[in-house]
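A short worksheet on the structure shown next.
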There are 2 protein chains.
Amino acid sequence: MSKPTTRKPRTDAERNRGRVLEVACELFAERGDEVQMAEVAKAAGVGVGTVYRHFPTRQALIEAVTEQRFAEILAYARTACLPNPDTRQALTCFLTRIGEVHDEGRGVSSAIEAALGSTEPRGEVGTDLLALGETLLDRGRADGTLRADVKVADLYMIAGAVAAISRDAIGDWRRFIDIALDGLRPR
Amino acid sequence: MSKPTTRKPRTDAERNRGRVLEVACELFAERGDEVQMAEVAKAAGVGVGTVYRHFPTRQALIEAVTEQRFAEILAYARTACLPNPDTRQALTCFLTRIGEVHDEGRGVSSAIEAALGSTEPRGEVGTDLLALGETLLDRGRADGTLRADVKVADLYMIAGAVAAISRDAIGDWRRFIDIALDGLRPR
DNA sequence: GACGGATTCGGAATCCGATTCCGCTTAGAG
DNA sequence: CTCTAAGCGGAATCGGATTCCGAATCCGTC
């Protein structure tokens, strides 16, 4: 049960997949989810069929793009948030990034927060994000910034909320971040 | 500029509009947004054209249904939440209702939270909801349950978040309500 | 109570975009 | 260099929203 599932893809096929994904990321960032499959294909210099070969569904493509966003956020969190010794600031920084991602390219948003919140994340990016969250929360619990019973699920639920709020312009998400984090402090 | 905009609608037209809206509410509640315009038409016993006459767009129909939901929530809030002397409980009750609406008939959700959060609500239902929120917040500020600087916008931002979280099953929205409300307490 | 025009209705036709299909190409193993 | 399966392109198909317009209804008028 190891051969049939693992036939190495042709080199150019892989390159095409890369092109498509890259282009899709840009387009979705620019114009949100009004982007059409045909556009992506043209912009990537391939036929629709090729797009569909690599991403069997529009939804699948969107999920792939979303994973890219996650990767970016993860990278940002590691370099910009984690090092901040003030746990509260680190968390704010992390959540703020999520809001910003939606503010600029309002990309693929609908999928983002749904995935953000799920505790069973796709791929290692998700796993790493969870781990990173756990780290931050541990720190917070240790230095008394956070309640002892705060869970990663809580953090990502809040992350999902930030995503939704910023996506739909429901309100001032920066303010929301403050409120939510206040809600995690020890009573 | 008052005549051309106000030609009274034909009686049966109004009845049809009512039927359509009613049926749409039920269908959306049952099967979420996979419901098709043609289905609504058939279920209401009219042609598609008629549906479109009253709701020029699928989106418009959804918004109308959403307003119904708001009305229900408003009614519930007035009778079940407002009377509760404990402000915190009243707020919890209100927000919980929003989560429940999504849990049962997972209706029209996408639109709901977007509208919930906007500070410029459609129709009087929206206005009344804002007013009711203001009342609750005043009470909370007065009895020291809430920070002095809490705004209605905050409450509805949280409401929007609850809607999003419950809609996409991002996490335990009941827990989220607790966290968010804790975030509104005086420091 | 019948009449006439404006308003509505019904549902076939149209439009649009996602997805499928399949003959043609090309990478790359032997 | 040859042969074959993996990939490619893009026309055709499908599904569902939206438009169009002749037929059917209302309703104020006579």
Side-chain angles (χ1 to χ4, degrees), chain A residues 2-28 30-66 107-111 114, chain B residues 2-28 30-66 107-111 114:
Chain A
S2 50
K3 292 171 193 170
T5 46
T6 323
R7 292 181 184 179
K8 50 177 92 173
R10 231 161 69 177
T11 39
D12 68 328
E14 221 157 59
R15 177 157 36 81
N16 274 336
R17 183 193 157 90
R19 264 208 242 295
V20 170
L21 185 52
E22 185 184 3
V23 169
C25 279
E26 289 169 16
L27 287 183
F28 276 110
E30 284 170 20
R31 311 217 317 285
D33 93 320
E34 75 186 25
V35 179
Q36 298 168 212
M37 296 306 264
E39 280 183 278
V40 176
K42 188 165 45 179
V46 303
V48 241
T50 300
V51 174
Y52 275 93
R53 161 160 297 275
H54 297 296
F55 307 95
T57 280
R58 176 191 170 77
Q59 185 55 31
L61 177 58
I62 290 182
E63 274 164 25
V65 172
T66 299
V108 192
S109 25
S110 58
Chain B
S2 49
K3 293 170 193 171
T5 45
T6 322
R7 294 182 182 181
K8 50 178 93 173
R10 232 159 68 177
T11 40
D12 68 328
E14 219 157 61
R15 177 158 35 80
N16 274 335
R17 182 193 158 91
R19 263 207 242 295
V20 170
L21 185 51
E22 186 183 2
V23 169
C25 278
E26 288 169 17
L27 287 184
F28 275 112
E30 284 170 20
R31 312 216 316 285
D33 92 320
E34 74 187 28
V35 180
Q36 300 168 211
M37 296 305 265
E39 280 183 279
V40 176
K42 188 165 46 180
V46 303
V48 242
T50 302
V51 174
Y52 276 92
R53 161 159 296 275
H54 296 296
F55 307 94
T57 279
R58 176 192 170 78
Q59 185 55 30
L61 177 58
I62 290 183
E63 274 164 26
V65 172
T66 299
V108 194
S109 24
S110 55

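A note on names: the letters A, B, ... follow the listed sequences, proteins ahead of strands, and every chain is numbered from 1.
Rounded to whole Å, the distance from CG on A/Asp12 to C1' on D/dG9 is 14 Å. Taking atom CD of residue B/Glu34 and atom C1' of nucleotide D/dG15, one finds them 14 Å apart after rounding to whole Å. Distance CD (B/Gln36) to P (D/dT18): 12 Å, rounded to an integer number of Å. One interatomic measurement links the two molecules: CZ of A/Arg58 to P of D/dG16, which rounds to 16 Å at whole-angstrom precision.
Side-chain contact between B/Val20 and B/Arg53 is absent, with no heavy atoms from C-beta onward closer than 4.5 Å.
Residues from residues 48-57 of chain A with heavy atoms under 4.0 angstrom of DNA chain D, sorted by number: A/Val48, A/Gly49, A/Thr50, A/Arg53, A/His54.
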- Task: Go through the steps for B/Arg58 and B/Val40 under the test side chain to side chain contact (heavy atoms under 4.5 Å, CB included), then give the verdict.
- Result: CA-CA 10 Å; B/Arg58 176 192 170 78; B/Val40 176; over 6 Å; no
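Qualifying salt bridge (Lys or Arg N to Asp or Glu O under 4.0 Å) partners for A/Glu26, counting only residues two or more places apart in sequence or in other chains: none. By the side chain to side chain contact (heavy atoms under 4.5 Å, CB included) test, A/Arg19 is found to be paired with A/Arg15, A/Asn16, residues two or more places apart in sequence or in another chain being considered.
An OP1 or OP2 oxygen of D/dG7 is reached within less than 4.0 angstrom by no side-chain nitrogen or oxygen of A/Asn16.
In this structure, A/Arg17 and B/Thr11 both approach DNA chain D, and ranking their closest nucleotides by distance from the 5' end singles out A/Arg17.
Nearest heavy atom pair, residue B/Phe28 against residue B/Val65, reads CD1-CG2, 4.0 Å. Residues B/Phe55 and B/Ala64 approach most closely at CE2-CB, 3.6 Å, considering heavy atoms. The shortest non-hydrogen separation linking A/Ala38 to A/Val48 is CA-CG1, 4.1 Å.
Taking OH from A/Tyr52 and CE from A/Met37, the interatomic distance works out to 4.0 Å, rounded to the nearest 0.5 Å. Taking CG of B/Leu61 as the reference point, atom OG1 of B/Thr66 lies at 9.0 Å (rounded to 0.5 Å).
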Could you list, one pair per line, each protein nitrogen or oxygen that sits under 3.5 Å from a nitrogen or oxygen of nucleotides 3-5 of chain D, together with the distance?
none

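Extent of DNA chain C lying under 4.0 Å from chain B heavy atoms, first and last nucleotide in 5' to 3' order, is C/dA6 to C/dA12.
Under the side-chain hydrogen bond (donor to acceptor under 3.5 Å, both in side chains) criterion, the residue pairs touching residues 35-45 of chain A are A/Arg31-A/Glu39, with sequence neighbours excluded.
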